[in-house]
Amino acid sequence: MLSTSREVDQQAGRWAALRDLGVLTPEQQEEFRQWLSADKRHLGAYARAEGSMVRVYRACNSVRGVLSELPAANIPSWSRRRVVMTGAVAASIAGAGFFGVELWRRSREQVFVTGIGQVREILLTDSSVITLNTDSKVAVKYTSEMRNVHLLQGEALFDVAKNKNRPFVVQANGTLLRAVGTSFTVSVLPQKPVQVLVREGVVELRRTGTAFAPVRLSANTIAVAPHDAPVSATVIPPAKVVRDMAWQHGQIAFDDETLEDAANEYARYSDVRIVVDPAASRRTITGVYISNDPIGFAKNAAAVLGLQVEVNGHEVKISCRSNSNG
Amino acid sequence: MLDDLSERAAWLACNVLPHEALLRARLKGVRVFGLDIEDVIQETYTRILSGPSLQSIQHPKQYAVQTAKGIVIDHVRRSRVVSIVGTGCLDTLSVPIREANAEERLEFQEEVDAVIDVLARMPEKFRQTLIMRRVEGLSQKEVARRLNVSEKSVERYLTESVRLLVTLFGRGGKNRANSSPMAKEIGGEDVVDKPGS
């Protein structure tokens, strides 16, 4: 005769939904009132049901990084109408967008960008996560059959939720990467061929408009896809994979790289330019550095290599010591 | 009661619901014939909310555990046939004061993580309905239009999403090892399922 706790939760959920939608007729309101006092569990179960929705609302409305990070420009036009209201409402919509890329019209494209020195995590509706590195731009377009992502510039790490029926395809400068459930980075940098680094799972790489056969890349593989030559894939140690993905945590890892290459790498992350004297540019450096602190890097590298540093506004110059005797 | 019901529910959401997994864990040690832990939890919330002033509750987690304990004891008193498995099992319900203080404030960060975790496990249509309605505040009609379903379906989806929220939150999102089989069952194809894990 007495309902089970499960049934009570079911009833509570229904009342919470109906009350939330504001569709209760006066008769139903009375019915609800009676239901509440009919059993000593009902009020508690009801409050928990409504309270659970409150928890979602509060969390989505919080000011924590990823949730509130979406700039207004990223909010789809139909939501933008609502932004007129208050900051809190705008934040709530950003939160919704964060979870709801797909709600934004089935076939609508969604663009995410990062500025110089920024790293940003984007959680998609299917639980896949895109981590965007500095100065990058990605467009996401989900349909019921396909999860399409276009890396327009920069670098991104894709942690793909497994779904065999809905392939995850990344397009990057004439290269198509198809993944089922995996984790990999793709970079599209100026004057460089597309580069892919696979951390987990398998990724299939093909070039559009060429005769080269598709290549399957497995974990711990780095591949370079030039326009006019076959894809070259190299297996690298897992430790190097971790180093090459250090940017996720705001770091840059150098492993015996020349100061010139290091300076170019830093140029991606900051407006401050590191200028290396040609006489010192072939010296090499190893270590993990903070990606948005080029001056700190320059000072450290100079100290290690016995060079000197000069900071001048937006320029840091590394050169050989003037009175060097060796 | 109806006037401030939503206010009370919101108080519960902030102060007590995040501790439900712990409350359930404490109750697991208690086996009393004819007593369902889930009933006790529902009744616990009823009792807390029926009290005169929620503001006077200083340590909500502690208070919830004490309330649950009271309910179990009442049940034992009422029933003619008492069969308690394990001796001194009611002791498992007590939370030392010091420990309670340290844990008292569940970091909001954890709460946000718990919500993300739970949302990630919900089937898409339920999650979408919930977010459109509760976070974006869209009307039932608008939600129906966007999802391309009837308004009646929106009611159904919202009901189901609330029920799922209650279940998933109650289980405690943190422990993936314990809950992953259930997550698969509930989440279907949209659940995170990374290779090699």
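Computed from a predicted structure; not experimentally measured. Throughout, a chain's letter reflects where its sequence line sits, starting with A, and its residues are numbered from 1.
Between Arg163(B) and Gln10(A), the closest heavy-atom pair is CD-OE1, 2.8 Å. Ala49(A) and Val166(B) get closest at one heavy-atom pair: CA-CG2, 3.9 Å. The nearest pair of heavy atoms linking Ser5(A) to Asp36(B) is OG-OD2, 3.4 Å. The shortest non-hydrogen separation linking Ala9(B) to Ala47(A) is CB-O, 3.7 Å.
Rounded to the nearest 0.5 angstrom, Glu50(A) CD and Arg8(B) CZ are separated by 12.5 Å. In this structure, the separation between CE on Met53(A) and CG on Leu130(B) is 7.5 Å, given to the nearest 0.5 Å. Atom-to-atom distance recorded for Phe32(A):CZ and Leu5(B):CG is 5.0 Å, nearest 0.5 angstrom. With rounding to the nearest 0.5 angstrom, the CG atom of Asp39(B) is 8.5 Å from the NZ atom of Lys40(A). Atom CZ of residue Arg48(A) and atom OG1 of residue Thr44(B) lie 9.5 Å apart, to the nearest 0.5 angstrom. Arg14(A) CZ to Arg156(B) CZ: the interatomic distance, rounded to the nearest 0.5 Å, is 13.0 Å.
Options Gly13(A), Gly51(A), Ala219(A), Gly44(A) differ in how many heavy-atom pairs under 4.5 Å they form with chain B, and the most are formed by Gly44(A). Of the listed residues (Val162(B), Leu17(B), Val154(B), Val40(B)), the one with the most heavy-atom contacts under 4.5 Å to chain A is Leu17(B).
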How far apart are the C-alpha atoms of Val54(A) and Arg134(B), what are their side-chain angles, what is the distance that settles it, and do they pass the side-chain contact (heavy atoms from CB on, under 4.5 Å) test? CA-CA 8 Å; Val54(A) 173; Arg134(B) 284 304 297 217; 4.1 Å; yes
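Residue contact with chain A, scored on non-hydrogen atoms closer than 4.5 Å, involves the side chain of Glu20(B) exclusively. Only the side chain of Ile41(B) comes within less than 4.5 Å of a heavy atom in chain A; its backbone stays farther off.
Under the 3.5 Å distance criterion, with hydrogens and angles disregarded, a donor-acceptor pair is assigned to the side chains of Gln42(B) and Asp9(A).
Applying the ring-ring contact (aromatic ring centres under 6.0 Å, His included) test to every pair with at least one member in residues 125-164 of chain B, sequence neighbours left out, gives these pairs: Phe126(B)-Tyr157(B).
Contact residues of residues 15-27 of chain A toward chain B are Ala16(A), Ala17(A), Leu18(A), Arg19(A), Asp20(A), Leu21(A), Val23(A) (heavy-atom distance under 4.5 Å).
Within a 6.0 Å sphere centred on CZ of Arg178(A), other residues, nucleotides and ligands contribute 12 heavy atoms or fewer.
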